[in-house]
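Only a predicted model underlies this, so the values are computations on that prediction, with no experimental measurement involved. Just so it is clear: chains get the letters A, B, ... in the order the sequence lines come, proteins before strands, and each one is counted from 1.
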Amino acid sequence: MTIRGKAFIVGSYEHPGRRLPDKSVSQIHAEVCIAALKDAGLGLNDVDGLFYTGQLSMGATALSDYMGLNNLKVLDTTMTGGSSPVIHIGHAAMAIATGRCNVALVSLAARPRSERAMRAAPNPEASFEQVFGTNTIAMYALAARRHMYEFGTTSEQLAWVKVAASQHAQHNEHALLRDVVTVEDVVNSRLLSDPLHLLDTCVVTDSGGAIVMANPEVAKSLGRTRVKILGCAEAPKHSNNGKIDLTYTGGRFTGPRAFEEAGVTPKDVKYASIYDSFTITVVETLEDLGFCEKGKGGSFVADGNLISGTGKLPVNTDGGGLCNNHPGMGGMFKILEAVRQMQGTAHPKVQVPNCDIALVHGTGGSLGTRMGSSTVILGQEDA
Amino acid sequence: MAAETSMPTPVPFVQPEVKVFWDATAEGKLLLPKCSDCSALIWFPRPFCPSCGSLNVDWSTQASGKGTIYSYTVNYRGAGDLPEYREPVPYVLAYVELEEGPRIMTNIVECDPASVKIGQAVELVWHDTGEGTALYRFRPATR
């Protein structure tokens, strides 16, 4: 069976905080979940599905206890890094479609700005990677360098992704970075790990966000049918037993599957939230999803093509992880801006007219080693 | 056998099931585990074959030590994930494609980072960790 049309996003909430040194992760979860439920016109007792990354010890048990969720029928702590909540949409849709639950909470909260470490215990591959001085930026830089080598992608082209994000972020009162930047600003910013500069990287914040999903009957009764799930797909993409290819992401697998389930093509997409941990992440993803040919991502993003109102494909109109919000894991904020665009509640300066099809793509982990990828396509009631 | 270096040489966590690999590094050998059933080389070392699922792994194949650079980055700022890399000088993180096929993560050493290029021929050099293992790194091929 398909999940197409079987679930809706009926409530949503983005925490307005960006620096939260005095709140626990559990507390941020509780605040965003309660607020998202309130947005939907529902309460904690209505919830029978909980989906989050499980970063607390004892995972879903601990959070459901903390939040007093006593009616849970589905728990899921799929953890794939920043793409987790995008994957959770698919999992919740599946659970709802099969009747295993009717109202699901998908939640994200993290505090990397206030805490230092987000790592877990040593994994088997760590001994063959970390000892050589890996860090997040260097590993994405490995992918950027290879993409430049194979396709001639330039630093100036990568810079356009940040430029577009900043053009959008200037309208977002909660964005961490609101200054508009130019290509020159980006390529002249400090080189962190060649070829990535400071302005090629996303912000680090403390924040959270949640959505509420429900079956069609509940959605109709709430008057919330503008954000329908049309297609979902998730996949890992990894080091492939020593045959790693740094020039593509898991979007190569998830894009086509999500589009096929949804029955639409990249040309139908009016707005896209593309995970933007780094500028290179966006370039590779747009290629993999089919918005342009493999290798042409650099020219696709150049010259303002991602800017709402003037570009051909508005991307990350909240300012994205590159300028607005990214607490180590950014998938939720990709979802939230797509929800706003579909509802018509994005900032008027960036709202896409007649936004009837939107795409959300999450990339969690590293382009340099292994990642979890997910694509979700959203439509409206009559889609 | 092991070269002098100012690069950090963190001691790798030795998962017990791949101890044979790390023991061999102390003798200057880069072992390439190979599936006895389908002949696929296995990287990163594991005690089973991720290609066919076999548990029969042969540890007798040794890499020649020759390869080319598949990708690299010069890390100028920002500490590495491990505490030994807290205060880096510029260092080169890279994937080297061994002539046997696997693309393995490593460092490029004994050269000006600005001179490193994709496709460059490199050769194996060992850096002793001081605890019975050595790290496999690469320098420009001396040829």
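- In terms of non-hydrogen atom pairs under 4.5 Å with chain A, the most contact-rich of B:Pro12, B:Ala40, B:Ser71 is B:Ser71.
- If you measure heavy-atom distances from B:Leu98 to chain A, you find no contacts under 4.5 Å at all.
- Between chain A and the residues B:Ile42, B:Val11, B:Thr106, the most heavy-atom pairs under 4.5 angstrom are made by B:Thr106.
- Considering every non-hydrogen atom in both A:Ala175 and A:Cys323, the closest pair reads CB-O, 3.9 Å.
- The pair B:Arg103-B:Glu97 meets the salt-bridge criterion, since a charged nitrogen lies less than 4.0 angstrom from a carboxylate oxygen.
- Here B:Tyr70 is the residue among B:Tyr95, B:Phe44, B:Trp43, B:Tyr70 with the most heavy-atom pairs under 4.5 Å with chain A.
- Geometrically, A:Lys237 engages A:Tyr248 in a cation-pi contact, judged by NZ or CZ lying under 6.0 Å from the ring centre and within 45° of the ring axis.
- Remark: B:Lys19 NZ is loosely packed, at most 12 non-hydrogen atoms of other residues, nucleotides or ligands lying under 6.0 Å away.
- Heavy atoms closer than 4.5 Å to chain A are found in both the backbone and the side chain of B:Tyr136.
- Among the candidates A:Ile244, A:Leu192, A:Leu246, A:Asn241, the residue making the largest number of heavy-atom pairs closer than 4.5 Å to chain B is A:Asn241.
- Taking the six-membered ring wherever Trp is involved, the centroid distance between the rings of B:Trp126 and B:Phe138 does not fall below 6.0 Å.
- At a heavy-atom separation below 4.5 angstrom, chain B is approached by no residue within residues 196-206 of chain A.
- Between the side chains of A:Asp194 and B:Thr73, no donor-acceptor pair of N or O atoms lies under 3.5 Å.
- Aromatic rings from B:Tyr91 and B:Tyr85 are positioned such that their centres are separated by under 6.0 Å.
- A donor and an acceptor atom, one from each side chain of A:Asp276 and A:Thr281, are nowhere located under 3.5 Å apart.
- Options B:Gly119, B:Pro113, B:Pro10, B:Pro45 differ in how many heavy-atom pairs under 4.5 Å they form with chain A, and the most are formed by B:Pro45.
- For an aromatic pair to be called close, the ring centres must be under 6.0 Å apart, and A:His361 with A:Phe291 fails this.
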